[in-house]
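First the structure, in the form of structure tokens, and then the observations on it.
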Amino acid sequence: MKKGMILALVCALVWSMLAGCSKSSEGEVSVDQGKTANDAGGEEKTNEYGWKVPSKTLEINFYAGQDNPETVKENSQLMQQFLLDKFNVKLNKIVYDVDMNEKLNLMLASGDYPEVITGLNDEQAAKWIAQGKAVELSQYIDKVAPNVNSQLGDLYKSFLNAKGELYALPSYWGLLPIPGAAAHIRYDWWKEMGSPAFETPEEFYQILKKMQEVHPKNSKGEKTYALSGYSPMIKNVLPTLAGMWGLKAGYKIDEDGTNTHWVNTPEGLELTKFMNQVYRDGMLDPDSFINTFDDWKAKFSAERIMGHIGSWWVTWNAGHEVWQKANKDWTDEQRFIQVKAKAASAASANLTALNARGSYRTIITDKAKNPEDIMKWFNFSITDLGTRIIGWGVPNIEQSVWTYKDGKIEWVDAMKQGIINGTYDFTNSDRVGQGVFTLVEGVGTMKDDGKSTFWYDQNFNDEAKWKKLMNENLKDTIYDNTLGVIQIPGNDPLAVTNTQIDELLETLWAKAVTSKTEADAEAGFNEMRDKLNGAGLHDIEAYRTKEYQRRMKEWK
């Protein structure tokens, strides 16, 4: 009798504990909701998102580079639980606060690495493939992952090697036709001047120079400048500056595919003389070639800079996004806007280079016990709906930016209005896991509606006043540079040459730009050109030309 009562009490206690696990407080996701139907085995059932829920949890561990492990862990929680609940898939993102290249080398040396690695550049991926550490994936495409082929479309063949083998898949791939870089001007101060029109870089600079005359010092008495930049300038400023002279990502590319580096072009000399003029006028921040981003941001936020040339987001981040929080009297027009400047000699201003193939690669390593199951997940997550989940974060909870019910997708209006009005708290994006588990998803315009995109905050540009203005100002400055994104393999001696040239380039260009006279600037430019060509730049140009022409023939 006592044994029976004890047994009954134990059963009741166990049942109570299990029942408690299925409950969740408001805004949380229960771990067990999506699993219980399949825990006992049996046939896979398709969930409301079109995913066949496996009877056994699919767990994927993946290394994703350098980051703060605690921050990533915190930002993973809700999304990790959601995927486990609804998909019976557990994704574990592994990061270390160590340089990625260094960590990858340690992994190769020790043999200690997970089933999947993402965030690789082409050179890093090639190294793992060459050492036999990556699984060949084309064998799974038709069998379990046809969406990979159909979503990538014409891009798919660009990831195959000469034997038709597939070892790496892209992440953050696709074309999103929105600006990435521009000329920037302080909007409220420009309006004070009567918003004088400009077209060329020289006209743009003259307006900044006049603006500086009106605002020679900030509120703390510190000197102001027309332009500033941050190191390395050849990466953060030069490509956009060169685009004003019609070059593409620092190269002149002829119709036959010939690639000529900007230092070997007349345009390169002109843009160098332009920057030298700004410097000689005392209008270029003298620390431009040594500023860290934080140094530059501090000057920018302190209202010491009139204009900028480079990525659009940096002047938002260092300008009004700081001022609207720090200044109770901040007004909406106290900001920088993004504008076009095109040299008179250029046919077009090529400010934003797009790369449909993306810059990051994902591999399944030889540690994977069942690559086919991982490919099944890739097959789902690369779809438009899968991309929305990974890009937009957990749906249908209090913090969500979107909902998904009965196959219908809707934005949470309060969150959408926050993006449109510039008041959205992006820490919420972190909490709901936006982008935290990106492996093979694309960032271009989605196929199902022709407008949605992975980046949550880029879905309402036509409704957001300042982004709409930016897009209108820069609509003809965007170009497809997929063929021109060429990386020299690490095992090719030219890779060392290329690195050495980049290191020389920053120093030599700084010397030319900061020359005391125009004649000295031209002499400095010629010296830079000769030294770089002597160091092997013509060999780099020949390599790029050959590869570009091959792509023209085989990829199109």
Side-chain angles (χ1 to χ4, degrees), residues 18-19 21-24 28-62 76-93 114-116 118 135-152 166 169 171 362-397 400 402-409 433 436-442 446-448:
L18 289 173
C21 289
S22 68
K23 296 179 180 179
S24 62
E28 295 180 342
V29 181
S30 160
V31 174
D32 288 336
Q33 288 174 351
K35 294 172 59 181
T36 53
N38 291 304
D39 280 346
E43 294 184 3
E44 296 177 343
K45 295 183 179 180
T46 301
N47 69 7
E48 61 265 47
Y49 300 92
W51 165 257
K52 288 187 176 180
V53 181
S55 57
K56 181 180 179 181
T57 301
L58 170 59
E59 187 165 0
I60 303 173
N61 300 291
F62 69 97
S76 297
Q77 288 178 358
L78 283 178
M79 177 57 79
Q80 188 179 57
Q81 290 179 342
F82 168 75
L83 294 177
L84 189 58
D85 291 349
K86 296 294 185 180
F87 295 80
N88 204 15
V89 173
K90 186 177 183 184
L91 299 184
N92 300 313
K93 183 176 183 177
E115 301 98 322
V116 174
T118 193
V135 175
E136 203 283 316
L137 304 176
S138 67
Q139 58 187 308
Y140 303 111
I141 296 298
D142 291 338
K143 185 178 180 182
V144 299
N147 292 333
V148 171
N149 194 339
S150 61
Q151 285 290 95
L152 289 173
L166 176 68
L169 290 170
S171 62
T362 298
I363 62 171
I364 298 177
T365 74
D366 59 349
K367 297 289 186 179
K369 295 180 180 179
N370 198 338
E372 185 173 311
D373 286 344
I374 297 174
M375 287 296 289
K376 288 179 181 178
W377 174 250
F378 289 175
N379 186 59
F380 171 78
S381 65
I382 203 172
T383 64
D384 291 333
L385 183 54
T387 298
R388 286 182 172 93
I389 292 170
I390 299 301
W392 300 350
V394 180
N396 305 330
I397 62 173
S400 296
W402 69 300
T403 60
Y404 184 79
K405 295 178 180 178
D406 300 323
K408 186 177 182 181
I409 297 166
V436 73
F437 289 135
T438 305
L439 288 167
V440 295
E441 296 74 23
M446 294 186 193
K447 295 181 178 180
D448 59 4

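Residues take their numbers from the sequence shown, with the count starting at 1.
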Run Leu385 and Tyr404 through side-chain contact (heavy atoms from CB on, under 4.5 Å) and show every step you take. CA-CA 10 Å; Leu385 183 54; Tyr404 184 79; 3.7 Å; yes

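- The line from OG of Ser150 to CD1 of Ile382 is 8.0 Å long, rounded to the nearest 0.5 Å.
- Between Lys93 and Phe62 there is a side-chain heavy-atom pair separated by less than 4.5 Å.
- Residue Lys52 qualifies as open at atom NZ: its count of foreign heavy atoms under 6.0 Å is 12 or below.
- Residues Leu91 and Leu83 have side chains in contact (heavy-atom distance under 4.5 Å, counting atoms from C-beta outward).
- Between Leu78 and Ile397, the shortest heavy-atom distance links the atoms CD1-CD1, 4.0 Å.
- Between Ser76 and Val436, the shortest heavy-atom distance links the atoms OG-CG2, 3.6 Å.
- Counting only distance, with no hydrogens or angles, the side chain of Thr403 and the backbone of Pro395 share no donor-acceptor pair below 3.5 Å.
- Once rounded to the nearest 0.5 Å, the distance linking CG of Leu84 with CE of Met79 reads 13.0 Å.
- Residues passing the salt bridge (charged side-chain N to carboxylate O under 4.0 Å, His left out) test with Glu136: none are found, sequence neighbours excluded.
- Atoms CE and CG, on Met375 and Asn370 in that order, are 12.0 Å from each other to the nearest 0.5 Å.
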Take Val144 and Asn379 through the side-chain contact (heavy atoms from CB on, under 4.5 Å) test and state the conclusion after the steps. CA-CA 7 Å; Val144 299; Asn379 186 59; over 6 Å; no

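- Within a 6.0 Å sphere centred on NZ of Lys447, heavy atoms belonging to other residues, nucleotides or ligands number more than 12.
- The nearest pair of heavy atoms linking Asp448 to Asp384 is N-OD2, 2.9 Å.
- Taken from CD1 in Ile364 to CG in Leu137, the straight-line distance is 5.0 Å, to the nearest 0.5 Å.
- The aromatic rings of Trp392 and Trp402 sit perpendicular to each other, their planes meeting at more than 60°, with 30° as the lower class boundary.
- Using a 4.5 Å heavy-atom cutoff, the side chains of Lys86 and Glu48 are in contact.
- Under the 3.5 Å distance criterion, the side-chain polar atoms of Asn61 are left unmatched by any main-chain donor or acceptor of Asn92.
- In this structure a side-chain-to-backbone donor-acceptor pair under 3.5 Å is present from Thr365 to Lys367.
- With Lys45 contributing its side chain and Val53 its backbone, the two residues share no donor-acceptor pair below 3.5 Å.
- A donor-acceptor pair under 3.5 Å is formed between the side chain of Thr383 and the backbone N or O of Gly386.
- Residues passing the side chain to side chain donor-acceptor pair (under 3.5 Å) test with Asn47, sequence neighbours excluded: none.
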Carefully, step by step, assess Tyr140 and Phe378 under the rule ring-ring contact (aromatic ring centres under 6.0 Å, His included). CA-CA 11 Å; Tyr140 303 111; Phe378 289 175; over 10 Å; no

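- Relative orientation of the Trp51 and Trp377 rings is perpendicular, given thresholds of 30° and 60° on the angle between their planes.
- Phe87 has its side chain out of reach of Ser381: every pair of non-hydrogen atoms, C-beta onward, lies at least 4.5 Å apart.
- Counting heavy atoms from C-beta on, the side chains of Thr438 and Thr118 never come closer than 4.5 Å.
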Would Ile374 and Val116 satisfy side-chain contact (heavy atoms from CB on, under 4.5 Å), going step by step from the backbone distance to the final call? CA-CA 9 Å; Ile374 297 174; Val116 174; 4.0 Å; yes

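- Of the possible donor and acceptor atoms, one in the side chain of Glu441 sits under 3.5 Å from a partner among the backbone N and O of Leu439.
- Phe380 and Tyr49 get closest at one heavy-atom pair: CE1-O, 3.3 Å.
- Between Asp373 and Lys56 there is no salt bridge, since no side-chain nitrogen of the basic residue lies less than 4.0 Å from a carboxylate oxygen of the acidic one.
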